[in-house]
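In listed order, ligands and their atoms are each counted from 1. For reference, positions follow the sequence shown, starting with 1.
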Amino acid sequence: MQNWRDWTGLGSEQTRGKKDWHECIDYQKEFETGILSGKNQYLDDEFEKTVNAYIEQLENLSRLIMSCILLSLDLTIDSNMMNNFEDNFYIFCQLFYPEFPAESDDESIGLGVGEHTDYGFLTMITADRGGLEIEVDGDWKEIKMIDDYLVCNIGDMLAHWSGTLKATPHRVRRLKGARHSVA
Ligand SMILES: O=C(O)CCC(=O)C(=O)O
Ligand SMILES: [Fe+2]
């Protein structure tokens with residue numbers, strides 16, 4: 001494991017004391033020095049190009065969404081305001097959820113991902129099938145995954161920074177069959 005830029009095995013991540021039933025590979029914005037320094041690890045050069053092209057698109061989309069959110073908060077968008085979002089940080093996760101073992105009575109295992117809010121500003125999710133649920137007024141609602149669409153969740157930092165927006169509580173339920181997502 002190099003500064004969390006690596007593979008995390010099944011059950012190594014926990015939410016609320018329960019093992020999450022997924023494995024993941026994390027990539028982060030790279031820094032030369034400091035606590036977040038470290039290099040991402042890619043399968044090969046071609047894969048590195050693909051991942052970075054996708055991340056660049058997500059960064060552009062995030063800035064666009066942030067400018068819409070600023071407008072909705074009645075904030076004047078000037079270049080100073082948007083500069084705050086130039087020097088960004090991201091974590092890009094490829095997640096694999098294997099089929100949940102039907103017979104398992106292991107109480108240490110929770111869900112695909114247990115209930116949580118993300119700690120960042122925005123999270124963009126795409127997946128090859130459903131399973132993601134968000135909490136609305138105390139009920140869990142399944143999010144339908146639609147081809148060519150992304151799900152965008154508000155994270156703790158944006159909730160705190162805006163003072164009015166709410167971070168989206170979400171989870172991934174136990175699944176029959178495998179699921180892949182990127183977030
Ligand atoms: O796989 C998903 O749909 C969501 C993953 C997630 O909540 C996370 O990585 O924080
Ligand atoms: Fe999340």
Side-chain angles (χ1 to χ4, degrees), residues 1-30 36 38 40-42 47 50-52 54-59 61-62 65-66 69 85 88-101 104 108-162 165-183:
M1 175 71 78
Q2 289 182 8
N3 291 354
W4 298 278
R5 293 168 168 88
D6 204 344
W7 171 72
T8 305
L10 188 60
S12 302
E13 292 195 330
Q14 295 197 1
T15 307
R16 296 168 186 250
K18 298 267 188 191
K19 288 180 198 159
D20 292 326
W21 199 249
H22 69 247
E23 52 187 288
C24 56
I25 303 178
D26 283 359
Y27 309 82
Q28 300 178 10
K29 186 165 183 172
E30 292 183 346
L36 294 172
N40 291 323
Q41 297 174 75
Y42 301 98
F47 188 68
T50 307
V51 168
N52 284 310
Y54 187 67
I55 289 175
E56 197 181 328
Q57 295 288 320
L58 288 180
E59 288 182 290
L61 179 63
S62 306
I65 294 174
M66 272 315 300
I69 289 175
F85 304 105
N88 64 342
F89 179 67
Y90 59 77
I91 301 180
F92 177 78
C93 309
Q94 289 180 293
L95 297 124
F96 170 59
Y97 300 80
E99 166 147 340
F100 195 85
S104 176
S108 71
I109 302 173
L111 307 177
V113 183
E115 171 186 352
H116 67 284
T117 53
D118 295 338
Y119 47 78
F121 256 70
L122 294 173
T123 306
M124 250 68 82
I125 304 167
T126 185
D128 60 359
R129 56 177 291 200
L132 176 65
E133 299 176 332
I134 63 164
E135 194 244 331
V136 185
D137 299 331
D139 287 331
W140 288 100
K141 309 258 184 215
E142 168 104 17
I143 298 296
K144 195 172 168 210
M145 289 293 166
I146 306 173
D147 286 350
D148 299 329
Y149 281 73
L150 294 165
V151 175
C152 179
N153 278 341
I154 290 171
D156 299 334
M157 283 192 220
L158 178 53
H160 184 76
W161 182 81
S162 68
L165 299 170
K166 190 175 174 295
T168 323
H170 58 284
R171 65 185 191 183
V172 175
R173 62 181 164 78
R174 294 177 172 190
L175 293 161
K176 283 206 182 81
R179 177 175 186 267
H180 299 83
S181 70
V182 287

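Remark: the Gln94 side chain and the Tyr27 side chain contain an N/O donor-acceptor pair separated by less than 3.5 Å. If you check the side chains of Glu59 and Asn88, you find a donor sitting under 3.5 Å from an acceptor.
Enclosure of atom OH in Tyr119 is not indicated, since only 12 or fewer non-hydrogen atoms of other residues, nucleotides or ligands lie within 6.0 angstrom. Applying the 6.0 Å contact sphere to CZ of Phe89 captures more than 12 heavy atoms from other residues, nucleotides or ligands.
Salt bridge annotation for Arg171-Glu135: absent, with no cationic side-chain nitrogen under 4.0 angstrom from a carboxylate oxygen.
Ordered by chain and number, His116 NE2, Asp118 OD1, His170 NE2 make up the set of protein N, O or S atoms under 2.8 Å of the Fe ion (ligand 2).
From Glu115, atom CD reaches atom NZ of Lys18 across 13.5 Å, with rounding to the nearest 0.5 Å. Atom NE2 of residue His116 and atom NE2 of residue His170 lie 3.0 Å apart, to the nearest 0.5 angstrom.
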For ligand 1, list every N/O pair with the protein closer than 3.5 Å, one pair per line with the distance.
| residue | atom | partner | partner atom | Å |
| --- | --- | --- | --- | --- |
| ligand 1 | 1 (O) | Tyr97 | OH | 2.6 |
| ligand 1 | 1 (O) | Arg179 | NH1 | 3.0 |
| ligand 1 | 1 (O) | Ser181 | OG | 2.7 |
| ligand 1 | 3 (O) | Arg179 | NH1 | 3.2 |
| ligand 1 | 3 (O) | Arg179 | NH2 | 2.9 |
| ligand 1 | 7 (O) | His116 | NE2 | 3.2 |
| ligand 1 | 7 (O) | His170 | NE2 | 3.0 |
| ligand 1 | 10 (O) | His116 | NE2 | 3.2 |
| ligand 1 | 10 (O) | Asp118 | OD1 | 3.1 |

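Nearest heavy-atom pair across Leu58 and Leu150 is CD2-CD1, 3.9 Å.
Paired with Thr123 under the rule side-chain hydrogen bond (donor to acceptor under 3.5 Å, both in side chains), one option of Thr168, Asn153, Asp118 passes, and it is Asp118.
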